[in-house]
Engineer: 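Dropping a structure here in structure tokens format, bear with me for questions.
Atom set for the values below is all heavy atoms of this structure, side chains included, hydrogens, waters and symmetry mates excluded. Numbered from 1 within each chain, the chains take letters A, B, ... in sequence-line order.
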Number of protein chains: 2
Amino acid sequence: MARTAQFSRDDFLRCAGRLIAERGPEAATTAAILNGVGAPAGSFYHRFTSRDLFLGELWLGLAERYQTEFLACLRTQGALAAALFTPRWVRDHPVEARVLLLYRKEDFASRNWSADFTRRAADLAEHLTGGLRDFAAGLGGPSPDETFQRVRFALVDVPLAAVRRHLKDNTPLAASVDDLVGTCCSALIPPA
Amino acid sequence: MARTAQFSRDDFLRCAGRLIAERGPEAATTAAILNGVGAPAGSFYHRFTSRDLFLGELWLGLAERYQTEFLACLRTQGALAAALFTPRWVRDHPVEARVLLLYRKEDFASRNWSADFTRRAADLAEHLTGGLRDFAAGLGGPSPDETFQRVRFALVDVPLAAVRRHLKDNTPLAASVDDLVGTCCSALIPPA
DNA sequence: TATCATCTAGAATATGTATTCTATTTCCAT
DNA sequence: ATGGAAATAGAATACATATTCTAGATGATA
């Protein structure tokens, strides 16, 4: 009933991911993507309404997968495991890690996102703070909000900082990174 | 012997800094800068050879000032003071902090830097690692390189991570940030 | 094998942005 | 006063990149 597709949405997404991992979001021009996939412009715009939404799809997909795993890890294995989740994820997904963790959301979201995408991004952020707040509440302490901020710093900000330098250099993640992250985590969230 | 200048290099640099602090490096288009200063294109290109070198000058200037103060603080006041230097600098220089610490060097340096600028950037990086290595050497310990990496993490990466979330939200830096940074610093570099 | 929705094809267009170019103005030293 | 260097002025140009547009190809189904 119709011509068979020669390219898939994933062909474009993967190619863009590779380009970004290697040379940054700027390098993922439509021309570079089309050239990498070997497709004409028509085939790209047949599948995606614009480059902005295309990049949004790439970013949201990665972020949703990463964050879901992270929150599951936090719930089932606790603070230290969650703090060490990010270095592990970087080792397991070197390309995705560079795309998702080395650049800023704004490099992908710049503007013109659909209501659906804006919603997905907001849900994502809300889901993360929700998970962290729940965990912080379980720890007790006098100020729930102070605890939340401390937990977020220990489990999100510090691990990301530890990992970014290596992502930037494109060097394998040293085992000592886990020590640094673990030391901070234990200091910030004393084990029971 | 010549017409008096209506604009200064600093007018352009300051305007670009303001634009970047408010809306990111992308917002500092030549058109936006010219419009902000109220100058014609000729006056800009009379002073700067290109936008790339112009942004480089802006970034290098800020980075050199920030880093010089940081290293002086480390030398004279030690690890904890150096770790707390960054939050203090952010409070004292809200605009400059967003330009320098919220974005990546690559957002400014992209390409086409002169040999002079490349050299200044390399010197800067070398100077920083030098200062950190010297300090780490003073701490002793079995592995100088491991100590160096730990010091760099405690005094550079962790403070930057602590500060970035607030820079992104453009919210004043809470005092609790200093506690988080201090806790990590003391755990990573036990006071003598 | 005729149909037709889907997909490929890529040239043409639109847009934003950096940069150049050719006057023209201004002011100080003579 | 005036010659000339430095600065302003802004229209014109160059360029990269995203997007549109029209035509044509393909292949499962009736």
Engineer: On the ring face of A:Phe54, is A:Arg51 found with NZ or CZ under 6.0 Å from the centre and within 45° of the axis?
Structural biologist: no
Engineer: Tell me whether B:Arg150 forms a cation-pi arrangement with B:Phe153, defined as NZ or CZ under 6.0 Å from the six-membered ring centre and within 45 degrees of its axis.
Structural biologist: no
Engineer: Using atom CD of B:Gln6 as one end and atom P of D:dG10 as the other, report the distance to the nearest whole Å.
Structural biologist: 11 Å
Engineer: Is the number of heavy atoms from other residues, nucleotides or ligands under 6.0 Å of A:Arg119 CZ greater than 12?
Structural biologist: no
Engineer: Closer than 4.0 angstrom, basic N to acidic O: yes or no for B:Asp11 and B:Arg47?
Structural biologist: no
Engineer: Expressed as a whole number of angstroms, how long is the span from A:His46:NE2 to C:dT6:P?
Structural biologist: 8 Å
Engineer: Is B:Arg65 salt-bridged to B:Glu69, going by a charged N under 4.0 Å from an acidic O?
Structural biologist: no
Engineer: Nearest-Å distance, CZ (B:Phe54) to P (C:dT17)?
Structural biologist: 16 Å
Engineer: State the CG-CZ distance between A:Leu155 and A:Arg152, to the nearest 0.5 angstrom.
Structural biologist: 11.0 Å
Engineer: Please name the pair of heavy atoms, one in B:Leu53 and one in B:Ser114, separated by the smallest distance, quoted to 0.1 Å.
Structural biologist: CD2-N, 3.6 Å
Engineer: Can you tell me the distance, in whole Å, between the CD atom of B:Glu26 and the C1' atom of C:dT15?
Structural biologist: 17 Å
Engineer: Let me know the distance between CZ of B:Phe7 and P of D:dA6, rounded to the nearest Å.
Structural biologist: 19 Å
Engineer: Taking only N and O in the side chain of B:Arg47, is any of them less than 4.0 Å away from OP1 or OP2 of D:dA6?
Structural biologist: no
Engineer: Can you pull out the residues from residues 10-20 of chain B that lie within a 4.0 Å heavy-atom distance of DNA chain D?
Structural biologist: none
Engineer: Answer whether the closest heavy-atom distance between the side chains of B:Tyr66 and B:Phe85 falls below 4.5 Å.
Structural biologist: yes
Engineer: Any chance you could list the contact pattern along nucleotides 18-30 of chain C? Use B for base contacts, S for sugar-phosphate-only contacts and - for none, protein heavy atoms under 4.0 Å, 5' to 3'.
Structural biologist: BBB----BBBB--
